[in-house]
Amino acid sequence: MNDRLDDTPDTPTATAAPATATDWTTPPVTTPITADLLRGALDLEYTEHGVLPHRLPARARAQCADGQLAMVEAQPSGVRLAFRTRAGVIELDALRTKNVYRGAPPRPDGVYDLLVDGRPAGRASVTGGNVLMVDLATGSAETRPGPVGTVRFSGLPDRVKDVEIWLPYNEITQLVALRTDASVEPLPDGDRKKWLHHGSSISHGSDAASPSTTWPALAASLGGVELTNLGLGGSALLDPFTARALRDTPADLISIKIGINLVNTDLMRLRAFGPAVHGFLDTVREGHPTTPLLVVSPILCPIHEDTPGPSAPDFSRLGEGRLQFRAAGDPAERAAGKLTLNVIRDELARLVEQRAADDPHLHYLDGRELYGEADFAELPLPDQLHPDAATHRRIGERFAALAFGPGGPFAGTRV
């Protein structure tokens, strides 16, 4: 895990090169990609191409036919290969599935972050792969198949070292083959506490610079903990199967960020929200009765502070090469129980205070302490919903200070 906040690769810097590179000085060693080489995944699916990491277990995936959830839980946010080796050259073959939104500007390629002994040492992307063409206006999607690509890192130091390759948070990634010029062994677990986090696309990593610089990854680095990230873009909806996944996953620390997806999907009303939160927390507590549990309300999002959802794409800006969102609800509908972010924050604060009377390990954090009005004035949300890379860094730093720092609910690790 990266112990520094800057993401500039250290010297010597690993380089990424095309799969056709032929500078192997010894015959490469091919290592099967197995569960003991992966961290951050709850399940592995073996496909015709290789290994597909999942962030929800098979039973959970079987209980929901939603295409959005199926897509995002298979995008390996926080998932990384972790091994010990003397290798100076590492190649990873992968088949990606990249999203393209019809009529919108192309999204950047997913990034693979290489960390050597906890420090950034390279960054690259694969080519080829499948394309998932999504039409935001109709909701239709079409997959266009493509070839396997390769990410290559070379020039690594000639010594035994701990290596992590963080997989792209925004591309479904099937791992096909791992080749090195020296043998590989799984990285020992170590004594870091395990932090399990669940949230929306912001926790998933939307618009962060790279997988190791999403706000949860940065906070985990500062806190000195091992991250399992169940941030599920568009899908933090208090689903019972997600609660059971949290319940059944080993963890020393748990955080749950609730709110924005319930507003921008316009999924439920206030009458259903409170009992759903109670049920979600009850389920998590079945498996983690005394684990420090932090409930985090939404960061500031001006379009939905007092205006209900749903969120809708603003197609008027596509001609400028920008995809933005607007609130399509009516503020008057709050009287009928429609949810806004301010309504959710008030209700979450009340529920946590009520439950904490019998649960001293339950805590609450107002998301505006991570990103509030002054932050929006300085670093506005580019599409009105999602933070940019600089804002991910700020949120990660603040979460680390508030949660892992002295007096925080997760204090006792380090910052």
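Here the OG1 atom belonging to T291 is positioned 10.5 Å from the NZ atom belonging to K193, to the nearest 0.5 angstrom.
Between H197 and S255, the closest heavy-atom pair is ND1-OG, 2.6 Å.
Note on R102 versus D135: salt bridge recorded, some NZ/NE/NH1/NH2 to OD/OE distance being below 4.0 Å. The pair R394-E397 does not count as a salt bridge, with every side-chain nitrogen at least 4.0 angstrom from each carboxylate oxygen. A salt bridge links D207 and R107; the closest N-O separation between the charged side-chain nitrogens and carboxylate oxygens is under 4.0 Å. With respect to D93 and R179, a salt bridge is recorded, a charged nitrogen being found less than 4.0 Å from a carboxylate O. A salt bridge is defined here as a Lys NZ or Arg NE, NH1 or NH2 lying under 4.0 Å from an Asp or Glu carboxylate O, and R55 with E73 fails to meet this definition.
Considering only heavy atoms from C-beta on, S154 comes within 4.5 Å of R152 through its side chain. With contacts defined as side-chain heavy-atom distances shorter than 4.5 Å, the pair D375/L300 does not qualify. Taking 4.5 Å as the limit, every side-chain heavy atom of P57 sits out of range of all side-chain heavy atoms of D248. Taking 4.5 Å as the limit, every side-chain heavy atom of R398 sits out of range of all side-chain heavy atoms of E369. Counting only heavy atoms from C-beta outward, the side chains of D366 and R345 approach each other to under 4.5 Å. In this structure, I299 and K257 have side chains that are in contact, with non-hydrogen atoms separated by less than 4.5 Å. Residues L167 and L92 are in side-chain contact: their nearest non-hydrogen atoms beyond the backbone lie under 4.5 Å apart. At least one side-chain heavy atom of F241 sits under 4.5 Å from a side-chain heavy atom of L69.
Checking each of S201, S77, S235 against V72 for a side chain to side chain contact (heavy atoms under 4.5 Å, CB included) leaves exactly one that passes, namely S235.
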May I have the step-by-step check of salt bridge (charged side-chain N to carboxylate O under 4.0 Å, His left out) for R350 and E353, ending in yes or no? CA-CA 5 Å; R350 184 187 71 81; E353 182 179 14; over 6 Å; no

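Judged purely by distance below 3.5 Å, without hydrogens or angles, the side chains of D36 and T34 pair a donor atom with an acceptor atom.
Under the 30°/60° scheme for interplanar angles, the aromatic rings of F376 and Y371 are found to stand perpendicular. Between H198 and F280, the two ring planes are parallel [angle under 30°; tilted spans 30° to 60°].
The backbone N or O of R123 sits nowhere less than 3.5 Å from a side-chain atom of D113 that would complete a donor-acceptor pair. The backbone N or O of L187 lies less than 3.5 Å from a partner atom in the side chain of R39, making a donor-acceptor pair. Of the possible donor and acceptor atoms, one in the side chain of T85 sits under 3.5 Å from a partner among the backbone N and O of S183. Panel note: side chain D181, backbone G88; a donor-acceptor pair is recorded below 3.5 Å. Of the possible polar contacts, none joining the H54 side chain to the A70 backbone as a donor-acceptor pair under 3.5 Å is found. When atom types are taken as modelled, the side chain of N264 and the backbone of S311 share no donor-acceptor pair closer than 3.5 angstrom. Judged by distance alone, with hydrogens and angles left aside, the side-chain atoms of N342 form a donor-acceptor pair with the main-chain N or O of E305 at under 3.5 Å.
Sparse packing is recorded around CD of E373, with 12 or fewer heavy atoms of other residues, nucleotides or ligands lying under 6.0 Å away. Atom CD of E45 is surrounded by more than 12 heavy atoms from other residues, nucleotides or ligands within 6.0 Å.
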